[in-house]
Structures are given as C-alpha cells and as structure tokens.
K.L.:
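Submitted below is the structure of interest, expressed as structure tokens.
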Amino acid sequence: MSTQPPRPATRHRAADPLTMEVVELIGDVVARFHADYEEAAATHTLTGPQARLLSLLALQPLPMRKLAHRLKCEPSNVTGIVDRLETRGLVERRPDPADRRIKLAAATDEGLRVARELREGLRFAREPLAGLSTAERSSLRDLLRRMLDA
C-alpha cells in the first residue's frame, strides 16, 4: 500500500494556436537538423548513431552505460556501434582510471578529427543562426534551456 497521498487529477487543456505553431516549428527544426546530421555522417560513411556516439566521445571518454543513456538506446546497441567505430580506428576502449573494472570508450585522434569535421559540416545548425544577432542567439539559447529544464 502506498504511503504517499494521491496526486490530484490534472486536466489537459487544448493547446492554443501559438503553442501549436511553436511545437510544429520545433519539429521542423529537429527534422532539418537530423537530415543535415545524417548527410554529414554519410560523407564519412557513418550512420547517424555512429556519428552521434563519436560526437559525444569527442567531448570526453564515457562508459558504455552512460553512452547508452545519452543515446537513449540499449547498452548492447552501444557495444555494436563502438565495435564498428573501433574497427575503423575512430574509437578505442580503455580502462577507467577511477575504476579499472569499467571500460571507457574514447575517441582516437582520427575520431576527434572526424567529429570536428562532422560539426563543421552541419550547415543547418550554423547558417540560419549566423543570421541572428548575438542577443537573439543568447535569447534563443536561454529559452531552449528553460524548455529543457522544465
């Protein structure tokens, strides 16, 4: 039996037209970003998931479980992706200095180079933002952070 009080029923209001338009625009931005990302990945004969994993590892080495969590997939899927990137010399496995029982996946120098080229190849992410002022980009960043923190 639960010791917590029951939660009040929440009523869902229909979203107003402005909110629906914003939601649709966010969806369009995400779709265009993914298409651009897939295109950039393909120039390096990478799949989208391989490119995303490599981009994460370009920031820092990570254990497989953390990679799976960040990519929102099963650890066994991450193992396969890391295996394929390791075969290409873009990723390596190394022991975690804090806990040698844990293996970290880390980008190699070649992997870091490819990740940088992927980032630089994202036209959609760069070109429209360049048309915004610094203040507009800062406002957009802050609003997106607020949405993600909500």
Side-chain angles (χ1 to χ4, degrees), residues 7 10-99 102-150:
R7 293 206 267 174
T10 55
R11 291 178 18 161
H12 294 282
R13 292 183 298 143
D16 64 276
L18 176 59
T19 298
M20 291 310 300
E21 183 180 4
V22 170
V23 168
E24 287 181 31
L25 288 168
I26 290 171
D28 291 346
V29 167
V30 168
R32 287 183 62 189
F33 178 80
H34 279 293
D36 198 33
Y37 203 87
E38 294 286 333
E39 187 179 313
T43 64
H44 294 281
T45 58
L46 295 170
T47 64
Q50 289 171 338
R52 285 188 289 281
L53 187 141
L54 189 58
S55 294
L56 285 173
L57 294 180
L59 301 173
Q60 66 183 21
L62 292 168
M64 301 292 205
R65 285 198 187 282
K66 222 174 234 184
L67 280 168
H69 178 72
R70 295 225 179 127
L71 293 172
K72 295 175 179 35
C73 68
E74 293 296 318
S76 60
N77 291 347
V78 169
T79 300
I81 295 169
V82 169
D83 287 345
R84 287 185 285 285
L85 291 174
E86 191 173 36
T87 299
R88 292 187 53 188
L90 301 175
V91 169
E92 64 186 8
R93 288 175 170 92
R94 56 173 83 141
D96 184 340
D99 184 346
I102 297 174
K103 290 284 187 197
L104 298 176
T108 62
D109 288 342
E110 178 66 4
L112 292 171
R113 183 189 66 74
V114 169
R116 185 178 56 253
E117 287 179 6
L118 278 168
R119 225 178 11 259
E120 291 168 357
L122 295 175
R123 294 180 320 276
F124 176 71
R126 191 177 49 236
E127 290 171 6
L129 291 174
L132 300 177
S133 70
T134 301
E136 288 170 325
R137 288 194 310 274
S138 294
S139 292
L140 179 58
R141 179 205 57 211
D142 295 344
L143 291 169
L144 291 170
R145 282 183 178 164
R146 274 182 52 196
M147 283 183 70
L148 291 172
D149 290 342

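The analysis underlying the following values was restricted to heavy atoms, covering all of them including side chains, and did not include hydrogens, waters or symmetry mates.
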K.L.:
For the pair Val114 and Leu54, evaluate side-chain contact (heavy atoms from CB on, under 4.5 Å) and give the outcome as yes or no after the intermediate values.
P.N.:
CA-CA 8 Å; Val114 169; Leu54 189 58; 3.7 Å; yes

K.L.:
One thing to verify: whether Arg93 and Asp83 come together as a salt bridge, which I'm taking to mean a side-chain N less than 4.0 angstrom from a carboxylate O.
P.N.:
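Salt bridge between Asp83 and Arg93, a charged N being under 4.0 Å from a carboxylate O: yes.
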
K.L.:
Would you find more than 12 non-hydrogen atoms of other residues, nucleotides or ligands less than 6.0 Å from Arg65 atom CZ?
P.N.:
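Not buried by this count: 12 neighbours or fewer within 6.0 Å.
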
K.L.:
State whether the side chain of Asp36 and the backbone N or O of Arg123 hold a donor-acceptor pair below 3.5 Å, judged by distance alone.
P.N.:
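Yes; at least one donor-acceptor contact below 3.5 Å.
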
K.L.:
Thinking salt bridges, do Glu38 and Arg52 make one under a 4.0 Å N-O criterion?
P.N.:
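Counted as a salt bridge, because a side-chain N and a carboxylate O are separated by less than 4.0 Å.
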
K.L.:
Determine, step by step, whether Asp142 and Ser139 satisfy the side chain to side chain donor-acceptor pair (under 3.5 Å) criterion, reporting the C-alpha distance in whole Å, the side-chain angles of both residues, the deciding distance to 0.1 Å, and the verdict.
P.N.:
CA-CA 5 Å; Asp142 295 344; Ser139 292; 5.8 Å; no

K.L.:
Could you tell me the separation between the CE atom of Met147 and the CG atom of Asp149, rounded to the nearest 0.5 Å?
P.N.:
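Met147 atom CE to Asp149 atom CG measures 11.0 Å (nearest 0.5 Å).
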
K.L.:
Check this for me: does any side-chain nitrogen of one of Glu110 and Arg88 sit under 4.0 Å from a carboxylate oxygen of the other?
P.N.:
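Salt bridge flag = no for Arg88 with Glu110.
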
K.L.:
Of all heavy-atom pairs between Ala105 and Leu57, which one has the smallest distance, and what is that distance?
P.N.:
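In this case the closest contact between Ala105 and Leu57 is O-CD2, 3.2 Å.
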
K.L.:
Can you tell me how far the CG atom of Leu129 sits from the CG atom of Leu122, to the nearest 0.5 Å?
P.N.:
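Reported to 0.5 Å precision, the distance equals 11.0 Å.
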
K.L.:
Are Val82 and Met64 close enough, and set up right, to give a side-chain contact (heavy atoms from CB on, under 4.5 Å), and what steps lead you there?
P.N.:
CA-CA 9 Å; Val82 169; Met64 301 292 205; 3.8 Å; yes

K.L.:
Please examine the side chains of Leu90 and Leu46, heavy atoms only from C-beta on, and report whether any two atoms are closer than 4.5 Å.
P.N.:
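Side chain of Leu46 against side chain of Leu90, heavy atoms only: contact under 4.5 Å found.
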
K.L.:
Evaluate Arg145 against Arg141 for side-chain contact (heavy atoms from CB on, under 4.5 Å), listing each step before the verdict.
P.N.:
CA-CA 6 Å; Arg145 282 183 178 164; Arg141 179 205 57 211; 3.5 Å; yes

K.L.:
Do Glu86 and Arg84 sit within salt-bridge range, that is, some charged N less than 4.0 Å from a carboxylate O?
P.N.:
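Judged by the 4.0 Å cut-off on N to carboxylate O distance, Glu86 and Arg84 do not form a salt bridge.
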
K.L.:
Looking at every non-hydrogen atom in both residues, tell me the closest pair between Cys73 and Val78 and how far apart they are.
P.N.:
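That closest heavy-atom pairing would be SG-CG2, 3.6 Å.
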
K.L.:
Which pair of heavy atoms, one from Pro95 and one from Leu104, lies closest together, and at what distance?
P.N.:
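Nearest pair, atom of Pro95 first, then Leu104: O-CD1, 4.4 Å.
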
K.L.:
With a sphere of 6.0 Å drawn around CG of Asp109, does it hold more than 12 non-hydrogen atoms of other residues, nucleotides or ligands?
P.N.:
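Count not over threshold, so no.
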
K.L.:
Can you measure from CG (Leu71) to CG (Asn77) and round to the nearest 0.5 angstrom?
P.N.:
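CG of Asn77 is found 9.5 Å from CG of Leu71.
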
K.L.:
Just how far is it from atom CG of Leu144 to atom CD1 of Ile26, taken to the nearest 0.5 Å?
P.N.:
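The CG atom of Leu144 sits 7.0 Å away from the CD1 atom of Ile26.
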
K.L.:
Is a donor on one side and an acceptor on the other found under 3.5 Å between the side chain of Ser55 and the backbone of Ala115?
P.N.:
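No, the answer is negative, given that no donor and acceptor are paired below the 3.5 Å cut-off.
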
K.L.:
Calculate, to the nearest 0.5 Å, the distance between atoms CG and CD belonging to Leu85 and Gln50 respectively.
P.N.:
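If I round to the nearest 0.5 Å, the distance is 5.0 Å.
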
K.L.:
Has Ser138 got a side-chain atom pairing as donor or acceptor with Thr134's backbone, closer than 3.5 angstrom?
P.N.:
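Between the backbone of Thr134 and the side chain of Ser138 there is a qualifying donor-acceptor contact (under 3.5 Å).
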
K.L.:
Do Arg94 and Lys103 touch side chain to side chain, with heavy atoms closer than 4.5 Å?
P.N.:
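No, too far: nothing below the 4.5 Å cut-off.
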
K.L.:
Taking the side chain from Thr43 and the backbone from Ala40, do they hold a donor-acceptor pair closer than 3.5 Å?
P.N.:
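Yes, Thr43 side chain to Ala40 backbone: donor-acceptor pair under 3.5 Å.
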
K.L.:
Just by modelled atom types, is the Leu118 backbone N or O under 3.5 Å from a matching donor or acceptor in the Tyr37 side chain?
P.N.:
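Flag not set: sc Tyr37 to bb Leu118 has no pair under 3.5 Å.
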
K.L.:
From Leu53 CG over to Ile81 CD1, what is the distance, rounded to the nearest 0.5 angstrom?
P.N.:
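That separation rounds to 6.0 Å.
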
K.L.:
State, to 0.1 Å, how close Leu56 and Arg70 come at their nearest heavy-atom pair, and which atoms those are.
P.N.:
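Shortest heavy-atom separation between Leu56 and Arg70 comes out as CD1-CB, 3.9 Å.
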
K.L.:
Give a yes or no on whether Glu74 atom CD has more than 12 heavy-atom contacts from other residues, nucleotides or ligands under 6.0 Å away.
P.N.:
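For Glu74, atom CD is not crowded (no more than 12 foreign heavy atoms under 6.0 Å).
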
K.L.:
What I'd like to find out is whether the side chain of Glu136 reaches to under 4.5 Å of the side chain of Leu140, using heavy atoms alone.
P.N.:
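No, every pair of side-chain atoms sits at 4.5 Å or beyond.
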
